[in-house]
Undergrad: 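Here it is: the structure, laid out below.
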Amino acid sequence: MIQITDEILNKYLDGELSVEEVKQVKSALLNSDELQRKYSALKLVHNGLSSIKEDVVSSGFTEKLMKQLVTRSTVPKQQKYFIASVVTFISILCLVIFGFSISAIISTTSSSIDEPKSVFDSVPNLSGRLVEALQQLFSGAGLSIIGSIFSIIVLISGYFFFEMQKRTKADLGNGQHL
Amino acid sequence: MRNLSDQEIIDSVRKGNSSDYSILVNRYKNKAFSMLNRMLKNEFDAEEILQDCFLKAYKSLNNFKGEAKFSTWFYRIVYNSALTKLSSQKRKTETEMTSVEDYINLESEYNSNEIEKLDVNHLIHKTISKLPERYSAIITMFYLNEMTIDEISEAMGLTVSNVKVMLHRSRNALRDLVLKTKLTEEIL
């Protein structure tokens with residue numbers, strides 16, 4: 001004979017008992033007013049809980065949310081475009097510097113080519129002129145202009161990078177891993 | 001028109017029809033709100049967290065593999081977000097407040113005269129939000145969202161037996177309260 005505890009009554013209510021156990025609970029309920037009272041109250045609670053109504057969110061919730069979704073998805077796109085434009089700008093700047101150096105070397109070497117030399121002979125000459133051209137570019141006013149442009153780019157990129165990191169961390173903290 | 005399944009809607013959103021996500025939002029917003037409202041006991045906070053949950057779910061939709069139901073996956077986000085909110089409010093979270101073994105005493109929430117006057121159903125509905133957070137979450141998921149014990153255990157990250165114990169304890173606590181009402185004596 002099983003002992004009719006609160007747990008057993010709950011299981012009886014949920015239909016989780018075996019046929020034999022159900023028989024025993026039924027007979028116990030018939031023989032005990034106190035048990036019957038407890039079970040009836042439990043059933044009353046069960047029926048009451050089954051009829052709970054859902055709370056309703058404020059009107060316009062979905063529209064507001066969908067607007068937010070659109071806004072949030074456009075912000076990272078803007079950031080991506082910004083980073084792409086910064087990278088492109090830096091690449092173009094490097095190409096310009098490289099092109100300028102090459103053209104400077106070619107112009108100086110073509111003026112000094114009087115007698116034919118082998119390719120290997122002209123290599124040290126070329127590298128020396130490349131260094132000279134770069135020195136010219138990165139000295140005085142040229143250096144300060146290039147430095148300023150790079151500083152601004154680095155600062156702005158740093159700010160956006162920091163923002164992206166913050167956003168990613170917040171997302172991870174809020175259970176994005178689920 | 002045929003009701004689209006959750007998976008069909010998710011597939012459509014993944015294909016780029018982001019406006020279809022509103023179907024999922026409309027399908028789950030009130031049920032999830034009911035759960036949050038009962039856990040956080042504050043409508044404003046509940047709505048704010050619900051909005052965050054839908055945004056998180058949208059952003060993580062590509063990670064949803066479909067091994068569990070979307071509802072279970074989504075309620076897990078909702079439940080965890082509610083717990084995070086509770087802990088960020090410096091309130092004692094459910095894990096600190098009550099363990100599965102603790103007895104829930106709801107009678108202290110009312111004076112005896114008040115209990116006697118209340119209608120049973122009204123008393124039950126009013127008392128759900130007075131239950132500790134995890135218990136009210138279980139009651140809402142089981143009765144309102146019609147989730148199975150297995151789904152609830154998955155959503156809450158608890159074992160099936162713990163969920164059962166907590167469900168039974170919630171019912172028993174409400175039953176003890178109901179037994180105090182005058183109306184019950186007339187019914188029983």
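Numbered from 1 within each chain, the chains take letters A, B, ... in sequence-line order. In this text, all values refer to a predicted model and were calculated from it rather than measured experimentally. Computed over heavy atoms, backbone and side chain alike; hydrogens, waters and symmetry mates excluded.
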Undergrad: Which of the residues A/Leu13, A/Asp6, A/Asp14, A/Leu49 is involved in the greatest number of heavy-atom pairs with chain B at under 4.5 angstrom?
TA: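 Of the candidates given, the most pairs with chain B belong to A/Leu49.
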Undergrad: What part of A/Lys53 lies closer than 4.5 angstrom to a heavy atom of chain B: side chain, backbone, both or neither?
TA: backbone
Undergrad: Side chain, backbone, both or neither: which part of B/Ile128 has an atom under 4.5 Å from a heavy atom of chain A?
TA: side chain
Undergrad: Determine whether the side chains of B/Asn30 and A/Asp55 contain a donor N or O and an acceptor N or O closer than 3.5 Å.
TA: no
Undergrad: Would you check if the distance from the ring center of B/Phe70 to the ring center of B/Tyr28 is below 6.0 Å?
TA: yes
Undergrad: Step by step, would you call B/Tyr143 with B/Ile138 a side chain to side chain contact (heavy atoms under 4.5 Å, CB included)?
TA: CA-CA 8 Å; B/Tyr143 285 103; B/Ile138 287 177; over 6 Å; no
Undergrad: At a heavy-atom separation under 4.5 Å, does B/Ser22 approach chain A through its side chain, its backbone, both, or neither?
TA: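 Contact with chain A is through both the backbone and side chain of B/Ser22.
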Undergrad: Between A/Ser18 and A/Glu21, is any side-chain donor less than 3.5 angstrom from a side-chain acceptor?
TA: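 Looking only at side-chain atoms, A/Glu21 and A/Ser18 do form a donor-acceptor pair, the distance falling under 3.5 Å.
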Undergrad: Step by step, work out the salt bridge (Lys or Arg N to Asp or Glu O under 4.0 Å) result for B/Glu151 and B/Lys69.
TA: CA-CA 9 Å; B/Glu151 286 168 351; B/Lys69 276 184 182 177; 3.0 Å; yes
Undergrad: Which atoms of A/Glu16 come close to chain B, meaning under 4.5 Å heavy atom to heavy atom: side chain ones, backbone ones, both, or neither?
TA: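 Just the side chain, heavy atoms under 4.5 Å.
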